[in-house]
Amino acid sequence: MDWADELAQRVRDAGPQVVNDSKTPSGTVHVGSLRGPVILDTIVRALRANGVETTLLYGVDDLDPMDAQALLTADAVETEMGRPLAHVPDQEDDGHASYARHHAQTFIDTFAGLGIHPDRYYWMSDIYATGDLDPFIGTALDKAALVREIYRRVANVQHPDTWHPIGVICPTCGKVGTTIVTDWNGEQVYFECRKDLVTWARGCGASGWISPFGGAAKLPWNLEWAAQWSLFGVTIEPNGKDLSTAGGSRDRSDAIAREVFEREPPLNVPYEFLNIGGKKMSTSKGRGAAAHSIAEVVPPEQLRFLFMRHRPNHAIDFDPEGTDQIPRLFDEFDKFAAATAGREVKGELPPGYEATFRYSLLDPDADVAAEAAAFRPAFGHLAMLIQIPGVDIVERIEAEKGSPLTDRERALLDQRAGAARAWLETYAPESAKLTVQHDAVPPAAADLDQDQRAFLAHLAEAVERDGPASGDAWQASIFAVAAEDDVPGRRAFEAIYRAFLGRTNGPRAGWLLASLDPVFVRERAREASGWTDAAGPPGPLPVGG
RNA sequence: GGGCCCGUAGCUCAAUGGCAGAGCAGCUGACUCUUAAUCAGCGGGUUGAAGGUUCAAGUCCUUCCGGGCUCACCA
């Protein structure tokens with residue numbers, strides 16, 4: 001994870017930095033779209049860690065037109081489509097002043113949950129209203145011909161010769177997506193609210209001269225962006241590759257910044273996206289469910305870790321469905337933590353692992369050493385433990401740690417156990433799930449060797465004789481019978497797993513058996529052994545299911 | 001069509017231009033109490049292909065092949 005620190009080194013002597021990003025509050029936030037904010041936050045933390053005075057700004061583009069019909073109630077479509085999001089009523093009755101406020105709150109909360117805390121959120125509806133953007137609006141209109149030329153040259157977009165770079169909010173119907181400005185006299189613009197300018201919204205037909213200042217009109221996106229850079233003195237602004245492509249939005253805004261507003265644009269940090277199983281994350285293509293529920297299975301620190309451990313321009317392919325990628329993600333995280341705490345770890349560590357761990361932490365001011373040293377149970381192990389009935393997880397984990405858990409460790413355990421439960425319900429492969437085969441002897445029991453069958457038969461006897469009740473007692477019985485039969489412990493346990501779970505390995509067997517009905521255990525052990533009576537030779541093994 | 005990313009062990013990925021590596025999986029072995037743990041060991045490669053630069057190329061340049069994303073209306 002040298003990338004953020006390298007970036008910080010590069011701008012170290014360039015004075016205070018202003019890092020900016022913005023988002024249109026138009027709908028829900030999916031996991032893939034969180035890479036940008038995490039990168040943004042990581043850059044800010046790296047800058048500050050390198051002694052660079054840094055401000056993080058986050059813009060809410062709430063004057064953008066409403067264009068998502070699906071998120072409106074049926075009777076609101078006609079009146080609301082094309083109006084600024086800030087003017088659209090909240091479609092849910094939960095106390096927000098507008099549609100924009102509602103959805104902005106969603107992503108502000110999401111960011112906070114990821115430990116991302118901008119110094120300031122600014123709302124474009126407020127910024128326009130103050131008149132701060134008026135000088136930029138004036139300049140853009142004065143240089144309309146140049147703006148048209150830039151669009152043509154940089155992006156091959158051909159606007160009519162009368163086109164002016166401003167979107168009036170129609171004084172009659174309140175829509176901004178339906179208006180076009182065709183003239184400018186230095187004080188007012190001539191606008192038309194056209195019925196058919198765009199297919200997704202219908203204008204009212206109004207037209208006339210109007211002042212574009214003080215919040216009455218909005219700059220088109222590329223100009224608004226460049227104006228923000230000048231207004232706030234932005235020096236760094238990362239973009240997803242959808243904007244960073246050649247001739248794309250960023251190129252246009254860069255050119256407008258230089259040529260229209262005459263300021264060098266901020267440093268760009270283009271970043272790739274998060275793909276799910278090699279494919280784009282998309283609700284419409286059936287991958288949305290996967291994308292959405294990832295956040296429930298991957299806690300914030302692991303999600304930050306997932307996004308930042310690769311360079312921003314490296315596409316991340318995450319394929320949690322039926323794989324062990326989520327357990328691995330936890331394992332990697334734990335390895336970075338262990339190494340940061342100075343413990344020996346297996347395998348290699350990438351350069352900058354300590355910074356990766358530090359920047360993954362939710363709290364930017366966390367005690368890194370304490371966090372690194374905190375005891376974290378292995379995810380896979382935990383996923384198994386929570387499937388065994390009657391196991392006191394905290395007790396078990398404390399036994400493994402060798403001392404009581406701290407409050408923090410207890411919280412980490414609870415979070416991780418919750419994630420493990422969610423994982424088992426959603427993505428976990430069958431091989432991670434433990435199911436006691438109550439109905440019939442599993443097919444895997446057919447491969448039991450004679451010594452294992454004898455062991456099971458003798459275990460059944462021991463059950464009848466001793467009636468072990470606790471996990472410890474069961475464990476003792478297992479070892480006692482195995483020793484008596486001269487069966488290696490490993491083979492004895494395998495026999496139990498095959499007979500009860502239909503697999504060759506499993507959780508601590510004593511605890512597993514203790515959670516089951518003793519009669520069932522006895523009968524199943526005897527059945528799987530193939531011994532028709534305790535002393536007799538093995539017969540054919542009735543394998544079912 | 002333009003742009004970006006990727007292609008290295010079965011899988012996921014590392015390697016300031018300097019002896020191709022790790023994790024996981026696999027295999028072998030150890031273990032009378034964490035048995036999906038722990039420990040020891042083993043195998044595994046024409047680094048997508050072809051050229052070029054270099055004392056030296058997985059790495060830099062050129063051209064291909066393959067996969068993926070993205071843009072070309074708006075934001």
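Just so we're on the same page: letters track the sequence lines, and every chain starts at 1.
- Considering only the side chain of A:His310, B:A14 comes nearest among B:A14, B:C24, B:G3.
- From A:Glu224, atom CD reaches atom CD1 of A:Ile256 across 11.5 Å, with rounding to the nearest 0.5 Å.
- Across all strands shown, A:Ile478 has no heavy atoms under 4.0 Å from either base or sugar-phosphate atoms.
- With C1' as the reference atom, B:U47 and B:A14 are 13 Å apart, rounded to whole Å.
- Aromatic pair A:Tyr353/A:Phe357: ring centres not closer than 6.0 Å.
- In this structure, the CZ atom of A:Arg250 is 19 Å from the P atom of B:G3, given to the nearest Å.
- Side-chain contact check for A:Gln228 and A:Tyr122: at least one donor-acceptor pair (N or O, by modelled atom type) lies under 3.5 Å.
- Pairing for B:G7 goes to B:C65, judged as Watson-Crick or G-U wobble with the two contacts each under 3.5 Å.
- Put simply, CG on A:Asn268 is 15 Å from P on B:C71, counting in whole angstrom units.
- Here the side chains of A:Glu398 and A:Val394 are in contact, with some heavy-atom distance below 4.5 Å.
- Dashed line: the shortest gap from a side-chain N or O of A:Arg311 to OP1 or OP2 of B:C6 is under 4.0 Å.
- Across B:C33, B:C74, B:G2, the shortest atom-to-atom separation from the side chain of A:Ala246 is found for B:G2.
- A straight line from CG of A:Leu382 to P of B:A37 spans 14 Å, rounded to a whole angstrom.
- Within 4.0 Å of A:Phe273, counting heavy atoms only, lie sugar-phosphate atoms of the nucleic acid but no base atom.
- Taking only side-chain atoms of A:Asp242, from C-beta outward, the nucleotide of B:U70, B:G2, B:A75 with the closest atom is B:U70.
- With hydrogens and angles left out, the side chain of A:Ser244 and the base of B:G3 share no donor-acceptor pair within 3.5 Å.
- In this structure, A:Gly380 and A:Glu272 both approach RNA chain B, and ranking their closest nucleotides by distance from the 5' end singles out A:Glu272.
- To the nearest 0.5 Å, atom CG of residue A:Leu382 and atom CZ of residue A:Phe330 are 9.0 Å apart.
- Judged purely by atom type and a 3.5 angstrom limit, A:Arg376 has no side-chain atom pairing as donor or acceptor with the backbone of A:Leu412.
- Considering only side-chain N and O atoms, A:His159 lies under 4.0 angstrom from the phosphate OP1 or OP2 of B:C74.
- In this structure, B:A20 makes no Watson-Crick or G-U wobble pair, since no nucleotide meets both defining distances under 3.5 angstrom.
- Using a 4.0 Å heavy-atom criterion, one finds that A:Asn156 contacts no nucleic acid atom at all.
- The CH2-P distance, from A:Trp163 to B:C73, rounds to 13 Å in whole Å.
- Using atom P as the reference point in both B:U46 and B:C6, the two lie 22 Å apart (nearest Å).
- Residue A:Pro270 is out of contact with every strand shown, counting any heavy-atom pair closer than 4.0 Å.
- Judged purely by distance below 3.5 Å, without hydrogens or angles, the side chains of A:Gln9 and A:Arg12 pair a donor atom with an acceptor atom.
- Nucleotides B:C64 and B:C55 have their C1' atoms positioned 29 Å apart, rounded to a whole Å.
- Base-pair partner of B:U34: not found among the strands shown (Watson-Crick or G-U wobble, both distances under 3.5 Å).
- Comparing the P positions of B:G48 and B:U12 gives a spacing of 14 Å, expressed to the nearest Å.
- One P atom belongs to B:G10, the other to B:C27, and the distance between them is 16 Å to the nearest Å.
- Nucleotides B:C61 and B:A22, compared at atom P, are 29 Å apart to the nearest Å.
- Residue order along RNA chain B, read from the 5' end via each residue's closest nucleotide, puts A:Gln387 first among A:Gln387 and A:Lys241.
- Judged by Watson-Crick or G-U wobble contacts below 3.5 Å, the nucleotide B:C42 has B:G26 as its partner.
- The six-membered or imidazole ring of A:Phe261 lies away from that of A:Trp229, with a centre-to-centre distance of 6.0 Å or more.
- Here B:C11 presents its P atom at 12 Å from CZ of A:Arg328, a figure rounded to the nearest Å.
- Taking atom CG on A:Asp251 and atom C1' on B:A72, their separation rounds to 12 Å, with Å as the unit.
- When Watson-Crick and G-U wobble pairs are counted only if both distances are under 3.5 Å, B:C60 pairs with B:G52.
- In the set B:A75, B:C5, B:A22, B:A22 carries the atom at the smallest distance from any side-chain atom of A:Lys335.
- The gap from the C1' atom of B:U8 to that of B:A49 amounts to 15 Å, rounded to the nearest Å.
- Rounded to whole Å, the separation between the P atoms of B:G45 and B:A9 comes to 10 Å.
- B:U12 atom P lies 13 Å from atom CZ of A:Arg309, rounded to whole Å.
- For the OP1/OP2 pair of B:C74 and a distance below 4.0 Å, the side-chain nitrogens and oxygens of A:Arg252 include at least one atom meeting the criterion.
- One interatomic measurement links the two molecules: CH2 of A:Trp221 to P of B:C71, which rounds to 14 Å at whole-angstrom precision.
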